[in-house]
Amino acid sequence: MKTKKAVFLRAAWHYLIMANYVVEPSILEPLLPARTLLDFYQGKTYVSIVGFRFLNTRVLGIPFPFHQNFTEVNLRFYVRHQAEDGQWRRGTVFVSELVPKPVVAFLANTLYREQYGYAPMRYAIRHTTEDLQVHYRWKKHQQWHHLYARAQPDSQPMVAGSMEEFIAEHYWGYNRFSTKYTMEYAVEHPRWEYYPVTDFGIKADIDQLYGEPFTPFLQHPASVFILHGSDILIRQGSKLSR
């Protein structure tokens with residue numbers, strides 16, 4: 001039995017707005033890291049615009065001052081990789097990741113070759129017995145973009161085979177480390193619950209943020225929900241050769 005990789009990062013992810021869109025596979029295929037395949041749900045491929053709070057962050061066990069709590073907004077899609085033992089691992093690939101901490105972006109890009117960038121951010125979260133409201137804002141290309149969702153106040157367990165389960169149950173990350181290698185890393189957390197969304201809004205320049213090929217597809221989400229989140233850990237990565 002293989003020993004698990006050492007822990008690279010510990011944090012808590014909370015109030016994850018998941019806005020999920022159907023896209024043509026041909027848009028994503030050029031972005032696939034080597035040795036991964038697109039993951040389909042009911043015959044369709046999806047991308048998600050995700051906004052969430054990154055809390056109590058520790059890198060290699062160290063809580064760096066002023067870099068423990070921040071917001072992230074990313075665009076991601078879903079893949080599969082067949083490991084050496086024959087088991088399929090379901091993971092995510094990031095097209096774009098924005099954070100308000102330049103040092104976080106630098107470390108992630110240097111160590112994992114992720115797609116991080118810097119953007120000033122604001123957030124507002126209101127969770128009462130009546131409802132849950134989550135609002136993320138970020139400034140990029142000299143304009144403010146925003147992502148908003150309102151949901152029922154009580155979380156629900158995910159149903160087996162549901163869209164929520166498909167989106168949330170990806171426990172690996174993959175990205176192009178170089179022309180020769182794909183970086184693979186494990187993300188561990190308990191099975192999450194979700195809040196059914198009753199209202200949703202997004203105002204974002206898709207062209208500027210993610211590129212023209214995504215613009216026709218990121219207009220009307222196929223589903224939106226908020227994940228409750230939990231403590232998470234990310235293990236040190238491994239390089240998969242072509």
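Since we're looking at a predicted model, the values are computed, not measured. Reckoned from all heavy atoms, side chains included, excluding hydrogens, waters and symmetry mates.
The structure places CD of Gln152 at 7.0 Å from OG1 of Thr198, a figure rounded to the nearest 0.5 Å. Rounded to the nearest 0.5 angstrom, Leu227 CG and Tyr195 OH are separated by 10.0 Å. Going from atom CD1 of Ile27 over to atom CD of Glu212 covers 10.0 Å, rounded to the nearest 0.5 Å. Rounded to the nearest 0.5 Å, atoms CD1 (Ile202) and CG (Leu218) are 7.5 Å apart. From Phe217, atom CZ reaches atom OG1 of Thr215 across 10.0 Å, with rounding to the nearest 0.5 Å. Atom NZ of Lys5 and atom CD of Gln236 lie 7.5 Å apart (nearest 0.5 Å).
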Using the side-chain contact (heavy atoms from CB on, under 4.5 Å) rule, take Tyr116 and Val99 through it: C-alpha gap first, then chi angles, then the decisive distance, then the call.
CA-CA 7 Å; Tyr116 270 92; Val99 291; 3.6 Å; yes

Run Arg80 and Thr36 through side-chain contact (heavy atoms from CB on, under 4.5 Å) and show every step you take.
CA-CA 5 Å; Arg80 295 181 298 135; Thr36 65; over 6 Å; no

After noting the C-alpha distance and the side-chain angles of Tyr21 and His220, does the key distance pass the side chain to side chain donor-acceptor pair (under 3.5 Å) rule?
CA-CA 7 Å; Tyr21 301 80; His220 305 289; over 6 Å; no

Show your reasoning for whether side-chain contact (heavy atoms from CB on, under 4.5 Å) applies to Asp39 and His170.
CA-CA 10 Å; Asp39 201 4; His170 286 80; 3.0 Å; yes

Where do Leu32 and Leu38 land on the side-chain contact (heavy atoms from CB on, under 4.5 Å) test, with the steps shown first?
CA-CA 8 Å; Leu32 279 171; Leu38 289 175; 3.8 Å; yes

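Phe214 has its side chain within reach of Val95: a pair of non-hydrogen atoms, C-beta onward, lies under 4.5 Å apart. For the pair Leu209/Trp138, a side-chain contact is recorded, criterion being any heavy-atom separation below 4.5 Å from C-beta on. In this structure, the side chains of Leu16 and Trp192 come closer than 4.5 Å at one or more pairs of heavy atoms. Taking the side chain as every heavy atom from C-beta outward, Trp88 and Leu37 approach each other to under 4.5 Å. Side-chain contact between Phe225 and Pro196 is absent, with no heavy-atom pair separated by less than 4.5 Å. You'll find the side chain of Pro100 stays beyond 4.5 Å of the side chain of Pro120, heavy atoms only. With a 4.5 Å cut-off on side-chain heavy atoms, Met183 and Arg176 do not count as touching. Val50 has its side chain out of reach of Val73: every pair of non-hydrogen atoms, C-beta onward, lies at least 4.5 Å apart.
Hydrophobic cluster membership differs between Val7 and Leu55, with clusters built from Ile, Leu, Val, Met, Phe, Trp and Tyr side chains linked at under 4.5 angstrom. Put simply, Ile125 and Ile17 are part of the same group of oily side chains (I, L, V, M, F, W, Y) that touch within less than 4.5 Å, one to the next. Linking Ile, Leu, Val, Met, Phe, Trp and Tyr residues whenever their side-chain heavy atoms come within less than 4.5 Å leaves Tyr118 and Phe52 in two separate clusters.
Residue pairs satisfying the salt bridge (Lys or Arg N to Asp or Glu O under 4.0 Å) criterion with at least one member in residues 119-135, sequence neighbours excluded, are listed as follows: Arg126-Asp131, Asp131-Arg150.
Of all non-hydrogen atoms in Ala19 and Phe200, the two that sit nearest each other are CB-CZ, 3.7 Å. A pairwise comparison of heavy atoms in Met121 and Leu98 identifies CE-O, 3.1 Å as the closest pair. Contact record, Phe166 with Phe40: CE1-O, 3.7 Å, taken as the closest heavy-atom pair. In this structure, Val197 and Ala149 approach most closely via the heavy-atom pair CG2-CB, 4.3 Å. The heavy-atom pair separating Thr129 from Pro153 by the smallest distance is O-CG, 3.4 Å. Smallest separation of non-hydrogen atoms from Lys4 and Glu188: NZ-OE2, 3.8 Å.
Side-chain contact annotation: Tyr78 with Ser48, donor-acceptor N/O pair under 3.5 Å present. In this structure, a donor-acceptor pair under 3.5 Å is present between the side chains of Glu72 and Asn74.
Judged by distance alone, the side chain of His14 and the main-chain N or O of His228 form a donor-acceptor pair under 3.5 Å. Put simply, the side chain of Lys44 never gets that close to the backbone of Glu24: no donor and acceptor are under 3.5 Å apart. His127 places no side-chain N or O within donor-acceptor distance of the main-chain N or O of Gln133, the cut-off being under 3.5 Å. Looking only at distances, a side-chain donor or acceptor of Glu165 sits under 3.5 Å from a matching main-chain atom of Gly161. Judged purely by atom type and a 3.5 angstrom limit, Thr182 uses its side chain to pair as donor or acceptor with the backbone of Ala34. The main-chain N or O of Leu132 is never found under 3.5 Å from a side-chain atom of Tyr15 such that the two would form a donor-acceptor pair. Remark: the backbone N or O of Asn20 is not paired with any side-chain donor or acceptor of Ser223 at under 3.5 angstrom. Here the side chain of Asn69 pairs a donor or acceptor atom with the backbone of Asn56 at under 3.5 angstrom. A distance-only check finds a donor-acceptor pair linking the side chain of Arg35 to the backbone of Ser241 [under 3.5 Å].
Taking the charged nitrogens against the carboxylate oxygens, Glu97 and Arg76 have no contact shorter than 4.0 Å, which rules out a salt bridge. A salt bridge links Arg89 with Glu184: the distance from a Lys NZ or Arg NE/NH1/NH2 to an Asp or Glu carboxylate oxygen falls below 4.0 Å.
For Tyr185 and Trp172, the gap between ring centers reaches or exceeds 6.0 Å. Residues Phe94 and Phe77 place their aromatic rings such that the two centres sit no closer than 6.0 Å. Aromatic rings from Tyr136 and His145 are positioned such that their centres are separated by 6.0 Å or more.
Using the six-membered ring where Trp is involved, Trp13 and Phe54 have ring planes that are perpendicular, over 60° apart on the 30 and 60° scheme.
In this structure, Tyr181 places its OH atom where only 12 or fewer heavy-atom neighbours from other residues, nucleotides or ligands lie under 6.0 Å away. A 6.0 Å sphere centred on OH of Tyr148 holds more than 12 heavy atoms belonging to other residues, nucleotides or ligands.
A cation-pi contact, defined as under 6.0 Å to the ring centre and within 45° of the axis, is absent between Arg90 and Tyr171.
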